[in-house]
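In the text below, chain A, chain B and the rest are named by the order of the sequence lines, each starting its count at 1.
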2 protein chains.
Amino acid sequence: MDKEQGRAILKRLKLKITPKRLEVMSCLGNEPLYLSADEVWQRIKLRVASIGLPTVYRILDELVAAGVITRIFQADRKQYYFLCTNQGHHHHFVCESCRRVEDLEQCVLGEGALETVQRSGGHVTSHILQINGVCGACSGPHQEASCRTA
Amino acid sequence: MDKEQGRAILKRLKLKITPKRLEVMSCLGNEPLYLSADEVWQRIKLRVASIGLPTVYRILDELVAAGVITRIFQADRKQYYFLCTNQGHHHHFVCESCRRVEDLEQCVLGEGALETVQRSGGHVTSHILQINGVCGACSGPHQEASCRTA
DNA sequence: GATCAAATGAAAATAATTTTTATTTGTACC
DNA sequence: GGTACAAATAAAAATTATTTTCATTTGATC
Ligand SMILES: [Mn+2]
Ligand SMILES: [Mn+2]
Ligand SMILES: [Zn+2]
Ligand SMILES: [Zn+2]
């Protein structure tokens with residue numbers, strides 16, 4: 001993701017185009033990994049004059065609300081964020097070892113899921129689906145360098 | 001869930017049978033709702049001599065690790081807990097309005113989901129699946145008393 | 001009943017996240 | 001290019017869920 005793509009997204013969302021927002025998107029959009037708010041902050045600080053951690057939180061929240069960024073769920077009580085440029089509804093495979101996030105080809109939520117709910121008069125508004133495991137690189141025989149062991 | 005069922009679970013897990021553990025299980029096991037650690041604490045305090053909040057956290061964590069209790073994911077940064085006596089792998093529908101949790105009939109994770117991962121040499125260890133919406137009682141025309149509006 | 005590891009209470013510590021308020025900046029308009 | 005104003009940000013402090021520590025109590029086993 002380059003700055004132009006970031007600009008287009010902000011324009012579409014009717015958000016002001018600011019350097020901080022572009023940096024956050026660029027930071028997350030060029031990593032195949034999920035990051036915490038603090039990690040995003042640490043990385044941006046190296047390349048930008050100055051930015052506060054609350055600003056990072058605010059931007060991340062905005063972008064999650066807008067659907068640009070996805071939350072990744074982990075057992076620790078931190079929030080993690082991932083940006084994928086893939087359009088359309090889909091879900092993710094998350095590597096427990098190297099933090100890599102990969103797209104699943106389609107929403108694997110079957111029709112059977114909704115039947116039970118609808119039969120009892122309710123309706124579905126959203127769903128969370130995340131598959132955890134160990135990615136190919138981390139599972140491989142020689143443990144590629146790109147994968148650190150947790 | 002009564003005290004006897006709680007005893008049996010603790011025995012199976014090789015955990016000491018203590019009044020506090022039985023109370024936590026009884027509290028969660030007799031509500032069709034998810035609760036936070038603090039809410040479990042507040043309810044138990046009314047009925048038991050004394051119990052500390054850290055103890056509630058410790059017990060909840062143990063029971064989650066043992067698979068007896070399920071975590072419910074919400075947007076706020078709190079952890080929520082739900083106990084269902086249903087055996088076997090399954091997932092849940094969660095009402096945004098009244099906090100009710102209902103079982104989905106089966107794991108709706110299709111085979112297609114795992115293909116992508118396996119094709120690239122990785123393997124799956126776990127998955128998170130939660131369906132959010134509004135339950136039948138909360139959707140109904142007369143908003144039954146059992147459902148409070150959030 | 002004695003023993004000892006496991007469980008708990010109480011208080012303090014931790015750390016992620018949010019709020020507040022003053023200041024700065026991007027955009028629309030001229 | 002300059003102005004006006006709402007939106008965005010910095011900095012510091014506050015909040016709060018959760019965890020840790022350590023002294024004390026308790027359940028299981030013999
Ligand atoms: Mn994706
Ligand atoms: Mn269930
Ligand atoms: Zn990996
Ligand atoms: Zn409901």
Side-chain angles (χ1 to χ4, degrees), chain A residues 3-4 6-27 34-66 68-69 71-81, chain B residues 3-4 6-27 34-66 68-69 71-81:
Chain A
K3 290 279 157 70
E4 274 321 303
R7 278 198 173 75
I9 291 172
L10 292 178
K11 190 161 256 178
R12 175 167 54 83
L13 298 177
K14 294 198 171 72
L15 292 174
K16 284 187 181 176
I17 295 167
T18 69
K20 313 296 166 71
R21 282 179 175 145
L22 293 175
E23 283 296 335
V24 168
M25 280 191 285
S26 166
C27 172
Y34 66 82
L35 299 176
S36 69
D38 190 75
E39 288 162 345
V40 170
W41 186 47
Q42 299 295 342
R43 294 180 187 219
I44 291 181
K45 276 200 300 188
L46 299 176
R47 313 200 296 108
V48 172
S50 93
I51 181 172
L53 184 52
T55 298
V56 173
Y57 273 103
R58 278 183 290 240
I59 293 174
L60 290 172
D61 284 348
E62 283 167 356
L63 296 177
V64 167
V68 175
I69 284 179
R71 277 189 204 285
I72 302 293
F73 296 91
Q74 292 297 150
D76 60 6
R77 62 180 140 60
K78 291 194 208 167
Q79 315 253 81
Y80 291 97
Y81 304 88
Chain B
K3 289 280 157 70
E4 274 321 303
R7 278 199 173 76
I9 290 173
L10 292 177
K11 190 162 254 177
R12 175 167 55 82
L13 299 177
K14 295 198 172 71
L15 293 173
K16 285 187 180 174
I17 295 167
T18 69
K20 313 298 164 70
R21 281 180 176 144
L22 293 175
E23 283 297 337
V24 169
M25 279 192 285
S26 166
C27 172
Y34 66 83
L35 298 176
S36 69
D38 190 75
E39 287 162 347
V40 170
W41 186 46
Q42 299 294 344
R43 292 177 189 221
I44 291 182
K45 276 200 299 189
L46 298 176
R47 312 200 299 107
V48 173
S50 92
I51 181 171
L53 184 53
T55 298
V56 173
Y57 272 103
R58 279 183 289 239
I59 293 174
L60 290 172
D61 285 348
E62 284 167 355
L63 295 178
V64 168
V68 175
I69 283 179
R71 277 188 204 286
I72 301 293
F73 296 91
Q74 292 297 150
D76 60 6
R77 62 180 140 60
K78 292 195 208 167
Q79 315 253 80
Y80 291 97
Y81 304 88

Given dT18(D), dA10(D), dG9(C), identify the nucleotide with an atom nearest to the side chain of Ile51(A). dA10(D)
Within this structure, what is the CE-to-C1' distance between Met25(A) and dA8(D), rounded to whole angstrom? 14 Å
Spatial distance of atom NZ (Lys3(A)) from atom CE (Met25(A)) [nearest 0.5 Å]: 9.5 Å
Along DNA chain D (nearest heavy atom to each residue), the more 5'-positioned of Tyr80(B) and Ile17(B): Tyr80(B)
Among dT18(C), dT19(D), dA8(D), the nucleotide that comes nearest once only the side chain of Arg77(B) is considered: dT18(C)
If you check the Ile59(B) side chain, which of dT25(C), dT8(C), dT9(D) turns out closest? dT8(C)
Could you give the CG-to-C1' distance, from Leu15(A) to dT25(C), as a whole number of Å? 15 Å
To check you understand the geometry: which heavy-atom pair defines the closest contact between Arg47(A) and Ser26(A), and what is its length? NH2-OG, 3.9 Å
Any donor-acceptor pair under 3.5 Å from Lys16(B) side chain to Leu10(B) backbone: no
Proximal nucleotide (of dT18(D), dA10(D), dA8(D)) relative to the Lys16(A) side chain: dA8(D)
Quick one: does any side-chain atom of Arg71(A) pair with a main-chain N or O of Val64(A) as donor and acceptor, under 3.5 Å? no
Side-chain N or O of Thr18(B) less than 4.0 angstrom from OP1 or OP2 on dA7(C)? no
Distance check: side-chain N/O of Lys78(A) vs OP1/OP2 of dT17(C), anything under 4.0 Å? no
For Arg7(A) and dG26(C), give me the distance from atom CZ to atom P, rounded to whole Å. 11 Å
Base, sugar-phosphate or nothing for Asp76(B)? Non-hydrogen atoms, less than 4.0 Å. nothing
Given atom NZ of Lys20(B) and atom P of dG27(D), what is their separation to the nearest angstrom? 9 Å
For dT18(C) and Tyr57(A) - does any side-chain N or O of the residue sit under 4.0 Å from the phosphate oxygens OP1/OP2? no
Rounded to the nearest Å, what distance is computed from the CD atom of residue Glu39(A) to the P atom of nucleotide dT17(C)? 11 Å
I'd like to know if Glu23(B) pairs up with Lys20(B) as an ion pair, taking the criterion as any Lys NZ or Arg NE/NH1/NH2 lying under 4.0 Å from an Asp or Glu carboxylate oxygen. no
Is any side-chain N or O of Arg58(A) under 3.5 Å from a base N or O of dA10(D), one able to act as donor and the other as acceptor? yes
Terminal helix-axis angle for the helix from dG1(C)-dC30(D) to dC30(C)-dG1(D), with five pairs defining each axis and rounding to 10 degrees: 50°
Could you tell me how far apart Leu13(B) (CG) and dA6(C) (P) are, to the nearest whole angstrom? 16 Å
Spacing between Trp41(B) atom CH2 and dT16(D) atom P, to the nearest angstrom: 15 Å
Rounded to the nearest 0.5 angstrom, the CG-CZ distance for Leu53(A) and Arg58(A) is 10.0 Å
Determine yes or no for a side-chain-to-main-chain donor-acceptor pair under 3.5 angstrom, with Trp41(A) supplying the side chain and Tyr57(A) the backbone. no
With respect to the side chain of Thr55(B), which nucleotide from dT18(D), dT8(C), dA10(D) is positioned closest? dT8(C)
Within the 4.0 Å heavy-atom criterion, would you say Ser50(A) contacts the bases, only the backbone, or no part of the nucleic acid? sugar-phosphate
Whole angstrom is fine here: how far is it from CG in Leu60(A) over to C1' in dA8(D)? 15 Å
Are Val24(B) and Thr55(B) side-chain neighbours, meaning at least one heavy-atom pair lies under 4.5 Å? no
